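Data first, discussion second: the structure below is written as structure tokens.
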Amino acid sequence: MKWIVGLGNPGSNYAKTRHNIGFMALDRFAERHNISITQNKCKALIGEGNIGGVKTVLIKPMTFMNLSGESVRAYMDFYKVSLEDLIVVYDDMDTEIGKVRLRYQGSAGGHNGIKSIIQHTGTQQFNRIRMGISRPDPGHAIVDYVLSTFMKKEKEALEQTIEQTCDALEFSLTNTFEQTMAKFNG
């Protein structure tokens, strides 16, 4: 079994913001595989399916970004799942829009959703797909930037990021995360 957590904020006013790119990718991945992310459990919306013979659970924490770890911990405790089978998908300002970066451990790098997951799991060792949203221009407040929508000129790069993420998720279901990193960190 694999469980994939996409990070974002609940509510329509956040739906198309940079900080919600993790939700966007999970929604696209769910569409690709006809999975409905509608079960309300563990402080999250959850969808389950079978992709290529692998039971796959998609999780969108409904705790707001900064408390994402609460949902991850609740799911871990209730279903007794392993962190080795987890992939977290989220926005990253240090990665250029249109690109993805995969890691299997590391600090939160200033990302409060990841900080919360580290705090609630007690480890920095879990698989991640960091989706590029680029940095704001100097002088632009970070909070305003991550809660802003993508500009029209960024739409193509946004689509590329989401598709790459979905491709990496599919590949990771039947390959090791190391193999997935080797293929998609290119």
Side-chain angles (χ1 to χ4, degrees), residues 1-8 20-42 44-62 68-69 71-92 94-109 111 113-114 117-118 120-133 156-186:
M1 186 201 98
K2 298 285 184 185
W3 53 304
I4 302 165
V5 176
L7 299 188
N20 270 38
I21 197 170
F23 277 10
M24 292 177 206
L26 218 59
D27 288 341
R28 178 75 53 84
F29 192 70
E31 279 174 32
R32 278 190 185 186
H33 299 285
N34 296 316
I35 296 173
S36 175
I37 307 175
T38 55
Q39 297 173 52
N40 197 344
K41 296 188 225 179
C42 302
L45 289 178
I46 296 175
E48 299 178 14
N50 190 307
I51 303 171
V54 178
K55 180 180 177 182
T56 307
V57 180
L58 308 179
I59 302 170
K60 292 167 60 175
M62 292 287 112
S68 298
S71 178
V72 169
R73 182 85 245 173
Y75 189 82
M76 281 177 66
D77 290 347
F78 190 80
Y79 291 99
K80 309 295 184 226
V81 291
S82 167
L83 280 176
E84 291 173 16
D85 297 319
L86 167 67
I87 300 174
V88 179
V89 179
Y90 64 101
D91 60 290
D92 181 43
D94 293 324
T95 303
E96 182 184 328
I97 189 165
K99 307 267 188 229
V100 297
R101 298 290 302 158
L102 286 70
R103 296 179 69 181
Y104 61 88
Q105 68 177 12
S107 72
H111 194 287
I114 297 298
I117 293 172
I118 291 169
H120 283 85
T121 61
T123 184
Q124 295 183 1
Q125 292 189 314
F126 52 88
N127 301 325
R128 311 150 194 220
I129 299 179
R130 301 177 346 191
M131 303 176 68
I133 62 167
E156 189 176 317
L158 170 63
E159 279 300 309
Q160 185 177 326
T161 303
I162 290 171
E163 288 299 320
Q164 275 184 310
T165 299
C166 290
D167 292 346
L169 288 171
E170 283 174 357
F171 187 83
S172 74
L173 295 177
T174 53
N175 295 277
T176 67
F177 200 71
E178 287 73 21
Q179 290 169 320
T180 307
M181 288 192 319
K183 180 174 174 105
F184 290 92
N185 275 341

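It should be emphasised that the depicted structure is a prediction, and the values quoted were computed from it without experimental measurement.
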In short, Gly52 meets Thr174 closest at the heavy-atom pair O-CG2, 4.5 Å
Discussion item. Please determine whether side chain to side chain contact (heavy atoms under 4.5 Å, CB included) holds for the pair Thr165 and Phe184, giving the CA-CA distance in whole Å, both sets of side-chain angles, and the decisive distance to 0.1 Å.
Written reply: CA-CA 9 Å; Thr165 299; Phe184 290 92; over 6 Å; no
Here the gap from Phe126 atom CZ to Thr121 atom OG1, rounded to the nearest 0.5 Å, amounts to 5.5 Å
So, does Asn20 use its side chain to make a donor-acceptor pair with the main chain of Gly8 at under 3.5 Å?
-> no
Does any N or O in the side chain of Trp3 come within less than 3.5 Å of the main-chain N or O of Leu83, such that one atom is a donor and the other an acceptor?
no
### Query
Hey, mind stepping through Asp27 and Lys60 against salt bridge (charged side-chain N to carboxylate O under 4.0 Å, His left out) and telling me if it holds?
CA-CA 9 Å; Asp27 288 341; Lys60 292 167 60 175; 2.8 Å; yes
Taken to the nearest 0.5 Å, the spacing of Ile118 CD1 from Ser68 OG works out to 12.0 Å
Heavy atoms of Ala168 and Ile129 approach each other most closely as CB-CD1, 4.0 Å
Q.
Before you tell me yes or no, could you show the steps for Asp91 and Met131 under side chain to side chain contact (heavy atoms under 4.5 Å, CB included), namely the whole-Å CA-CA distance, both residues' side-chain angles and the distance that decides it to 0.1 Å?
A. CA-CA 5 Å; Asp91 60 290; Met131 303 176 68; 5.6 Å; no
Only one of Thr56, Thr180, Ile51, Ile87 passes side-chain contact (heavy atoms from CB on, under 4.5 Å) with Leu169, and that residue is Ile87
**Request:** Determine yes or no for a side-chain-to-main-chain donor-acceptor pair under 3.5 angstrom, with Ser71 supplying the side chain and Cys42 the backbone.
**Result:** yes
| said: Between Met24 and Leu158, is the side chain to side chain contact (heavy atoms under 4.5 Å, CB included) condition met? List the steps. | reply: CA-CA 10 Å; Met24 292 177 206; Leu158 170 63; 4.3 Å; yes
Looking only at heavy atoms, the pair that brings Val100 and Thr161 closest together is CG1-O, 3.8 Å
Set out, in order, the CA-CA distance, both residues' side-chain angles and the distance that settles side chain to side chain contact (heavy atoms under 4.5 Å, CB included) for His120 and Val72, then state yes or no. CA-CA 8 Å; His120 283 85; Val72 169; over 6 Å; no
### Task
State whether Phe78 and Lys41 meet the cation-pi test: NZ (Lys) or CZ (Arg) under 6.0 Å from the six-membered ring centroid, and within 45° of the perpendicular axis.
no
**Report entry** Arg32 vs Asp167, salt bridge (charged side-chain N to carboxylate O under 4.0 Å, His left out): CA-CA, chis, key distance, verdict
**Finding:** CA-CA 10 Å; Arg32 278 190 185 186; Asp167 292 346; 2.9 Å; yes
Does His111 use its side chain to pair, donor to acceptor, with the backbone of Gly113 at less than 3.5 Å? yes
- Query: Do other residues, nucleotides or ligands put more than 12 heavy atoms under 6.0 Å from Glu156 CD?
  - Reply: no
- Message: With a sphere of 6.0 Å drawn around CD of Glu84, does it hold more than 12 non-hydrogen atoms of other residues, nucleotides or ligands?
- Response: no
Minimal heavy-atom distance between Pro61 and Gly6, with the atoms involved, is CD-O, 3.2 Å
Interatomic distance, CG@Leu86 vs OH@Tyr75, rounded to 0.5 Å, equals 10.5 Å
When rounded to the nearest 0.5 Å, the distance separating CD1 of Ile117 from CZ of Arg73 is 12.0 Å
Interatomic distance, CG@Leu102 vs OG@Ser172, rounded to 0.5 Å, equals 8.5 Å
Nearest heavy-atom contact between Val54 and Leu173 is CG2-O, 3.5 Å
Considering only heavy atoms from C-beta outward, does the side chain of Glu48 approach that of Met1 to under 4.5 Å? no
For Arg103 and Phe177, the nearest pair of non-hydrogen atoms, with its separation, is O-CE2, 3.2 Å
One should read off an interatomic distance between Ile21 CD1 and Leu7 CG, to the nearest 0.5 angstrom, of 12.0 Å
* Asked: With no hydrogens and no angle check, is any side-chain donor or acceptor of Arg128 less than 3.5 Å from a backbone partner on Gly106?
  -> yes
